[in-house]
Amino acid sequence: MRRWLPLSLCLLAGAAGAQNLAERLNDYPTFARADYVFACMATNGQSREVMRRCACSIDEIAKILPFEAYEKAETVLSMQRVGGERMAVFNSAAAASALVADLRRAQAEAEIICFR
């Protein structure tokens with residue numbers, strides 16, 4: 001029985017490591033994916049085919065950008081829409097522009113893959 005204990009512990013540790021890897025590769029919360037799909041469908045149409053393409057699109061974006069970068073870029077974009085003097089920094093800051101540019105590139109790649 002004791003021989004199996006180290007093997008069991010190794011298997012459990014390996015499974016935990018695999019789960020962490022899966023979590024790292026799929027770090028977008030469901031609400032963020034659903035929000036993207038709803039917005040995408042509002043823009044492109046309300047059909048089942050559009051839903052499939054929009055879901056594909058957020059999956060492709062998730063492969064390119066970690067959720068933290070996606071969330072920061074979305075925040076910058078929403079702040080740019082607000083306008084006003086205090087929000088001008090989001091329009092001119094190089095770091096903010098780089099975040100948005102990365103998101104735009106990921107969206108363009110996703111569009112090529114999912115919407116052709």
Side-chain angles (χ1 to χ4, degrees):
M1 185 88 161
R2 288 191 177 190
R3 285 187 203 163
W4 297 106
L5 184 60
L7 179 59
S8 304
L9 291 175
C10 288
L11 290 174
L12 287 174
Q19 186 177 13
N20 290 336
L21 178 61
E23 287 173 1
R24 279 184 272 145
L25 293 175
N26 185 16
D27 64 344
Y28 280 54
T30 303
F31 77 86
R33 289 177 184 268
D35 187 50
Y36 182 91
V37 171
F38 288 142
C40 178
M41 288 179 70
T43 303
N44 295 297
Q46 300 292 321
S47 70
R48 186 166 182 81
E49 178 62 20
V50 170
M51 181 178 66
R52 185 189 65 74
R53 291 175 186 264
C54 291
C56 169
S57 182
I58 190 62
D59 290 345
E60 291 299 321
I61 290 168
K63 289 178 187 175
I64 298 167
L65 284 178
F67 179 68
E68 185 179 340
Y70 174 83
E71 190 174 40
K72 286 178 182 178
E74 283 292 322
T75 301
V76 170
L77 287 171
S78 68
M79 298 308 270
Q80 287 176 343
R81 287 185 211 111
V82 171
E85 232 176 83
R86 291 185 178 181
M87 300 305 157
V89 70
F90 290 101
N91 291 324
S92 60
S97 297
L99 288 168
V100 172
D102 289 344
L103 176 59
R104 296 290 187 222
R105 278 190 290 279
Q107 287 174 325
E109 188 169 327
E111 187 172 332
I112 289 169
I113 293 169
C114 301
F115 282 90
R116 41 177 156 152

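What you see is a predicted model, and the numbers here were worked out from it, not measured in a lab.
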### Query
To the nearest 0.5 Å, what is the distance between CD (Glu71) and CD (Glu74)?
9.5 Å

### Derivation and outcome, side-chain contact (heavy atoms from CB on, under 4.5 Å), residues Leu99 and Leu77
CA-CA 9 Å; Leu99 288 168; Leu77 287 171; over 6 Å; no

### Summary
OH (Tyr36) and OH (Tyr70) are apart, to the nearest 0.5 Å, by 6.5 Å

### Query
Taking atom OG of Ser57 and atom CZ of Arg33, what is their separation to the nearest 0.5 Å?
11.0 Å

### Task
Could you give me the CA-CA distance, side-chain angles and deciding distance for Cys56 and Phe115, then say whether side-chain contact (heavy atoms from CB on, under 4.5 Å) is met?
CA-CA 9 Å; Cys56 169; Phe115 282 90; over 6 Å; no

### Message
Taking Phe31's backbone N and O only, do any of them form a donor-acceptor pair with Asp35's side chain (distance below 3.5 Å, no angle check)?
### Response
no

### Message
Quick check for you: to the nearest 0.5 Å, what is the distance between Ile58 atom CD1 and Lys63 atom NZ?
### Response
12.0 Å

#### Entry: With sequence neighbours excluded, residues passing side-chain contact (heavy atoms from CB on, under 4.5 Å) with Ala32
Pro29, Phe67

### Task
Identify the heavy atoms of Gly45 and Val50 that sit nearest to each other, and give their distance.
O-CG1, 3.2 Å

### Summary
Closest non-hydrogen contact found for Glu60 with Ala110 is CB-CB, 3.7 Å

### Task
First locate atom SG of Cys54, then atom CG of Asp59, and finally report the distance between them rounded to the nearest 0.5 Å.
11.0 Å

## Note on the structure
So CD of Glu49 and CG of Asn44: to nearest 0.5 Å the spacing works out to 11.5 Å

### Query
If you look at every heavy atom in Ile61 and Ala106, which pair is closest and at what distance?
CG1-O, 3.8 Å

### Task
List the atom of Met51, the atom of Met41, and the distance in Å for their closest heavy-atom pair.
CB-SD, 3.6 Å

#### Entry: Donor-acceptor contact below 3.5 Å, side chain Arg104 vs main chain Val100
no

### Task
Please determine if Arg105 and Glu109 form a salt bridge, counting it only when a charged side-chain N lies under 4.0 Å from a carboxylate O.
no

